[in-house]
Amino acid sequence: MINIDLKNRHYEILEIVKTQGPITSEHIASLLNVTRSAIRADLNLLTMSGMLEAKPKVGYMYIGSVERQKIADYLNAVRVGDLKSRPVAITDTTSVYDAVVTMFLEDVGSIFITNEAKYLSGVISRKDLLKAAIGGSDIHQIPVGIIMTRMPNVVTVAPADPVVEAARKIMEHEIDALPVVEEIFKDGQILYRIVGRFSKTNITKLFVDIGNKLGGGLD
Ligand code: ADP
């Protein structure tokens, strides 16, 4: 963007485009009670200085909203499947002690739990394990299936879901991670095959990615 001396007329045009854009030059001119040719030079200057963008067949847009729109378009195009991590899962008969060991070895904050048939049956987090550990029972004996958050209360996402939807679920339910699942219909039942893990870390990585891309433009 280059530095230019703005006149009142420029500020009026910017305000109109900011609040009503995308807007055609005819419309801007009519709101200012002038002819279209009277503002042609002003619009050229605002466009060349990078404050407005002229979109053919659409009209003038304030550059701030163009950038916002680019970020929104980019975010809406990213799917859970593009970002998901490898899932960490154990069966519901695993002891709380072994779940703690797995959590340390795999460096995750929650572990997905599967039933005998290897479909999702629950999820267990750090606090679930801590609660069991300070509860006084023998953590070598208690299976995670007893203390886990179980289906149908587990919040899941599908690979084709937009990441914004996954982030909204994480926020709304105040949890750290979601199992990414594919639905399987079997004997009149819906079963969930775990195909990934989507966590706050994935969102943080995306955030950094967007920051880097914006440095060089999102196009
Ligand atoms: P932390 O234990 O560190 O607070 P979370 O915030 O992820 O970790 O978990 C909080 C509670 O929510 C725990 O009881 C856990 O079992 C449950 N939980 C974690 N992930 C999910 C999920 N995807 N769906 C439903 N409940 C979950």
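Atoms within a ligand are numbered from 1 in the order they appear, just like the ligands themselves.
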Tabulate distances under 3.5 Å between N/O atoms of ligand 1 and N/O atoms of the protein, writing both atom names on each line.
residue: ligand 1; atom: 2 (O); partner: Ser125; partner atom: OG; Å: 2.5
residue: ligand 1; atom: 2 (O); partner: Lys127; partner atom: N; Å: 2.9
residue: ligand 1; atom: 4 (O); partner: Lys127; partner atom: NZ; Å: 2.8
residue: ligand 1; atom: 6 (O); partner: Glu174; partner atom: O; Å: 3.4
residue: ligand 1; atom: 7 (O); partner: Asp176; partner atom: N; Å: 3.0
residue: ligand 1; atom: 14 (O); partner: Asp128; partner atom: OD1; Å: 2.8
residue: ligand 1; atom: 14 (O); partner: Asp128; partner atom: OD2; Å: 3.4
residue: ligand 1; atom: 16 (O); partner: Asp128; partner atom: OD2; Å: 2.5
residue: ligand 1; atom: 16 (O); partner: Thr149; partner atom: OG1; Å: 2.7
residue: ligand 1; atom: 23 (N); partner: Val155; partner atom: O; Å: 3.1
residue: ligand 1; atom: 23 (N); partner: Ala177; partner atom: O; Å: 3.1
residue: ligand 1; atom: 24 (N); partner: Val155; partner atom: N; Å: 2.8

Hits for side chain to side chain donor-acceptor pair (under 3.5 Å) against Ser199, two or more places apart or cross-chain, chain-then-number order -> Asn202

Contacts of Gln189 meeting side chain to side chain donor-acceptor pair (under 3.5 Å) (sequence neighbours excluded), chain-then-number -> none

Can we say Asp176 and Arg126 salt-bridge, meaning some charged N sits less than 4.0 Å from an Asp/Glu carboxylate O? yes

So the ring pair (Phe, Tyr, Trp, His ring centres under 6.0 Å) pairs with at least one residue in residues 157-211 (sequence neighbours excluded) are none

Residues Met103 and Ile124: closest non-hydrogen pair is CE-O, 4.1 Å

Should Phe104 and Leu130 be counted in the same cluster of Ile, Leu, Val, Met, Phe, Trp and Tyr side chains packed under 4.5 Å apart?
no

